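Order of appearance sets the numbers: ligands from 1, and atoms from 1 within every ligand. Keep in mind the model is a prediction, meaning the values are calculated, not measured. Heads up: numbering here begins at 1 and tracks the sequence.
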Amino acid sequence: LFDTHFPGLGLLNLAHSLRCDLERGAVPPFEVAFFDEEAFETADELIETMKSWLGTARRRIVAASTYTVSIQSLQAILERFEPHTYLIVVGGAHASTAPDIDGAHLSVRGEGGAAMRHVLSHFLTSEFGTGEEAKAISFACDRRVVSGSPAFDRSIQKLPSPGFAYDLLPPESEVRYATGFLRWLGHRPQLYVCTQSCRARCTFCSTYLIHGRAVARPLHLVEQDLEYLVHVKGHDSLEFHDDDLMQHPELDGILKVLERLRVPWFCYARVDIISPQLAAALSAAGCRRVFLGIESMNQDKLDYFNKCTTVEGNVRAVKALAEEDIGTIAGFIVGAPDDDVDSVLSDLDTYLDLPLFALGVSVLSPDAGTVEFLRARKSNLFEGQADDIFGGDQRMRRVAPDPERWGSDAPYGLPTVCENLSKTQLNILRQLALCEFYFRPNIWAGLTSSGDASQVAAVRSWYQALYRDGYGTLMQGDAEGALKSRLRDLRGSLAGAEWLLDALGHDDRPRSPGSVGRDADVRQARLRA
Ligand code: B12
Ligand code: SF4
């Protein structure tokens with residue numbers, strides 16, 4: 001009920017880009033379809049449907065977008081396509097940072113428009129793999145291994161409206177796109193981006209490795225895209241998945257367009273630019289939720305993450321948005337090298353004092369290619385075995401989560417980099433932070449304030465899961481010291497709380513230890529992929 005599921009914008013962008021290439025005669029004739037795993041009950045069904053659509057076409061190409069967390073399940077699917085019959089191309093977040101992927105013939109780093117144009121035009125010719133458009137493609141041929149380097153085509157600046165091939169999405173009767181309840185603003189949301197990359201360089205983030213320098217879509221194209229989504233496709237709410245929508249140089253113009261369109265919307269933003277004036281302008285334009293990458297309320301940690309923000313700035317931004325009735329969803333990262341129980345709890349206390357709508361808590365992940373990843377490789381934590389730890393490749397072109405070794409807690413199949421706390425302890429602190437934040441009557445009231453029955457049901461099902469899997473696990477563990485007293489206080493605050501009975505639908509209680517899942521969201525993300 002509370003699961004998020006969105007169409008992959010990367011693939012829709014590539015399909016649109018190739019269709020534009022076709023119109024100007026830059027690629028040979030082709031047909032394209034988009035297959036969404038969510039529309040199928042099983043992987044078998046997905047694979048059979050794809051094979052059936054590809055039928056007996058002369059050239060059958062399967063293109064897939066990659067995430068580190070789900071790379072193994074994707075590989076298992078790709079390996080079901082006979083390599084002599086289908087050309088398998090991968091790209092996206094994981095391929096850009098760790099391009100050696102089993103089961104793929106070609107792996108593309110960075111933005112894929114130019115590379116796909118090259119594949120369609122030149123594969124199996126002597127020109128394949130040569131020239132600027134082939135720069136991003138890694139492949140092996142005749143015992144020759146070609147290692148591509150990231151390429152950024154900046155196509156978002158030029159592609160005509162609507163920018164993404166939304167028309168390829170399966171009908172709503174087959175797959176339901178849904179946002180998480182934290183960002184739920186309408187019944188038919190759609191995803192959109194009009195900028196790529198970010199000015200900042202936070203140590204844990206890989207956006208600039210995938211997208212290069214920041215780039216923005218011109219206002220007149222954004223206007224046409226948004227009108228298409230609202231007036232032609234009938235979406236009643238929008239989600240901007242730009243890393244930081246505020247960095248668009250024509251933001252004022254975009255806000256005017258949105259004000260005219262009169263749909264509620266969500267976006268991500270950095271704190272440093274949110275002023276009371278900007279918050280007022282966002283609100284007037286229909287903005288109702290903003291995800292702020294606050295990450296920590298401890299200045300040393302912000303500096304360690306190279307966040308280039310301040311604790312005071314965090315407070316100012318949240319208050320400015322709250323004044324305008326915009327709900328802030330704050331990011332909180334636990335597990336920096338120096339973190340310990342006391343530092344995480346004192347960080348959490350500061351969050352609890354902020355006028356937030358919601359909180360997202362994650363355990364610091366040394367994602368491939370990031371500064372965190374490079375630091376982890378060099379750190380003493382892994383006693384000189386870092387190459388082996390991330391997938392067994394010294395050049396770090398192959399990074400594979402290893403859940404058997406590192407567990408399926410977040411970050412899935414990867415080690416953590418905290419020197420004082422184990423991965424299990426970090427995940428316990430994560431659950432504690434979620435419980436202390438959400439198990440407060442004002443937060444429940446805020447999340448359910450829309451009065452829409454389906455939304456309340458989704459929030460309730462999430463609260464039930466948090467109570468069962470989060471609170472239940474916490475109460476069954478052996479806590480000591482500061483953690484023990486926090487748990488006692490938490491239990492005390494919930495005892496007999498009327499609002500909680502309402503939130504839980506009156507009937508949920510923690511299950512036995514064996515049946516308690518530790519990281520349901522990552523597991524669900526994997527299953528979905
Ligand atoms: C939107 C988004 C989501 C949406 C997903 C919507 C969807 N269905 O795609 C939601 C909120 C669900 C989500 C979830 C997660 N996300 Co996310 N997400 C993003 C975000 C902000 C934008 C992606 C996007 O749509 N961009 C716009 C399109 C046009 O760009 P693109 O997808 O990158 O595609 C271009 C290129 O990558 C390339 N390309 C992409 N696919 C392909 C395929 C081929 C064949 C080729 C040739 C090229 C190619 O060409 C495209 C056009 O230029 C990115 C950050 C970013 N700015 O990229 C993070 C990001 C991709 N997510 C990230 C992470 C970590 C996650 C989560 C694991 C978070 C979590 N802890 O749960 C989950 C995992 C989801 C899963 N699969 O299991 C990381 C990825 C790290 C990694 N190495 O995998 C990123 C980079 C964030 C970051 N800054 O670190 N995410
Ligand atoms: S501000 Fe956000 S998008 Fe930009 S580098 Fe930092 S984490 Fe990545």
Testing the 3.5 Å rule here: is there a donor-acceptor pair between the side chains of [X] and [Y]?
{"X": "Asp367", "Y": "Ser365", "result": "yes"}
{"X": "Gln299", "Y": "Asp303", "result": "yes"}
{"X": "Arg397", "Y": "Ser138", "result": "yes"}

Task: Beyond-backbone contact of Val90 with Ser107, side-chain heavy atoms, under 4.5 angstrom - done: yes
Inter-residue atom distance [X].[atom1] - [Y].[atom2], 0.5 Å rounding:
{"X": "Phe40", "Y": "Ile47", "atom1": "CZ", "atom2": "CD1", "result": "10.5 Å"}
{"X": "Asp243", "Y": "Thr207", "atom1": "CG", "atom2": "OG1", "result": "3.5 Å"}
{"X": "Lys307", "Y": "Asn314", "atom1": "NZ", "atom2": "CG", "result": "9.0 Å"}

TODO: Could you tell me whether a side-chain N or O of Arg154 sits under 3.5 Å from a main-chain N or O of Glu111, the two making a donor and an acceptor?
DONE: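 Such a contact is absent between Arg154 side chain and Glu111 backbone.
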TODO: Could you tell me whether the side chain of His105 and the main chain of Pro83 form a donor-acceptor pair under 3.5 Å?
DONE: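 Yes: the side chain of His105 pairs with the backbone of Pro83.
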TODO: Pick one of side chain, backbone, both or neither for how Val90 approaches ligand 1, counting any non-hydrogen atom pair under 4.0 Å.
DONE: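 Near ligand 1, Val90 shows its backbone, while the atoms from C-beta on stay back.
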Counting heavy atoms only, which of [options] is nearest [atom]?
{"atom": "atom 11 (C) of ligand 1", "options": "Glu111, His241, His211", "result": "His241"}
{"atom": "atom 57 (N) of ligand 1", "options": "Thr370, Thr195, Asp243", "result": "Asp243"}
{"atom": "atom 47 (C) of ligand 1", "options": "Val69, Ile88, Val108", "result": "Val108"}
{"atom": "atom 29 (C) of ligand 1", "options": "Gln196, Arg154, Arg183", "result": "Gln196"}
{"atom": "atom 3 (C) of ligand 1", "options": "Tyr67, Phe164, Phe6", "result": "Tyr67"}
{"atom": "atom 49 (C) of ligand 1", "options": "Gly112, Gly110, Gly92", "result": "Gly92"}

May I ask whether [X] has any heavy atom positioned less than 4.0 angstrom from an atom of ligand 1?
{"X": "Cys205", "answer": "yes"}
{"X": "Ala64", "answer": "yes"}
{"X": "Cys198", "answer": "no"}
{"X": "Pro7", "answer": "yes"}
{"X": "Ser206", "answer": "yes"}

Open item on the list: Is there a polar contact, in the sense of an N or O pair closer than 3.5 Å, between Thr68 and ligand 1?
Closed with: yes
TODO: May I ask you to check whether Thr207 has an N/O atom sitting below 3.5 Å from an N/O atom of ligand 1?
DONE: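 Yes; the residue has a nitrogen or oxygen that sits under 3.5 Å from a nitrogen or oxygen of the ligand.
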[X] neighbourhood, listing ligand 1 atoms whose heavy-atom distance to it stays under 4.0 Å:
{"X": "Gly8", "value": "7 (C), 8 (N), 9 (O)"}
{"X": "Ile210", "value": "33 (O), 37 (O), 86 (C)"}
{"X": "Ala63", "value": "45 (C)"}
{"X": "Met116", "value": "47 (C)"}
{"X": "Asn13", "value": "52 (C), 53 (O)"}
{"X": "Leu11", "value": "43 (C)"}
{"X": "Asp367", "value": "81 (C)"}

TODO: Could you give me the CA-CA distance, side-chain angles and deciding distance for Asp153 and Ser155, then say whether side chain to side chain donor-acceptor pair (under 3.5 Å) is met?
DONE: CA-CA 5 Å; Asp153 56 34; Ser155 58; 3.1 Å; yes
- [ ] Find out whether the Lys NZ or Arg CZ of Arg289 is both under 6.0 angstrom from the six-membered ring centre of Phe266 and within 45° of the ring's axis.
- [x]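 Ring-cation test returns no.
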- [ ] Apply side-chain contact (heavy atoms from CB on, under 4.5 Å) to the pair Ser65 and Leu11, showing each step before the final yes or no.
- [x] CA-CA 7 Å; Ser65 202; Leu11 290 172; 4.1 Å; yes
TODO: Run the salt-bridge test on Asp409 and Lys423 with the 4.0 Å N-O cut-off and return the result as yes or no.
DONE: no
Open item on the list: According to salt bridge (charged side-chain N to carboxylate O under 4.0 Å, His left out), who are the partners of Asp339, at least two apart in sequence or on a separate chain?
Closed with: Lys301
Task: Test ring pair (Phe, Tyr, Trp, His ring centres under 6.0 Å) applied to His241 and Tyr268, step by step - done: CA-CA 7 Å; His241 278 254; Tyr268 291 86; 5.4 Å; yes
Open item on the list: Looking only at the aromatic ring of each residue, does the gap between the centers of Phe332 and Phe437 stay below 6.0 angstrom?
Closed with: no
TODO: Could you grab the protein N, O or S atoms closer than 2.8 Å to atom 6 (Fe) of ligand 2 for me?
DONE: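 Less than 2.8 Å away from atom 6 (Fe) of ligand 2 sit Cys202 SG.
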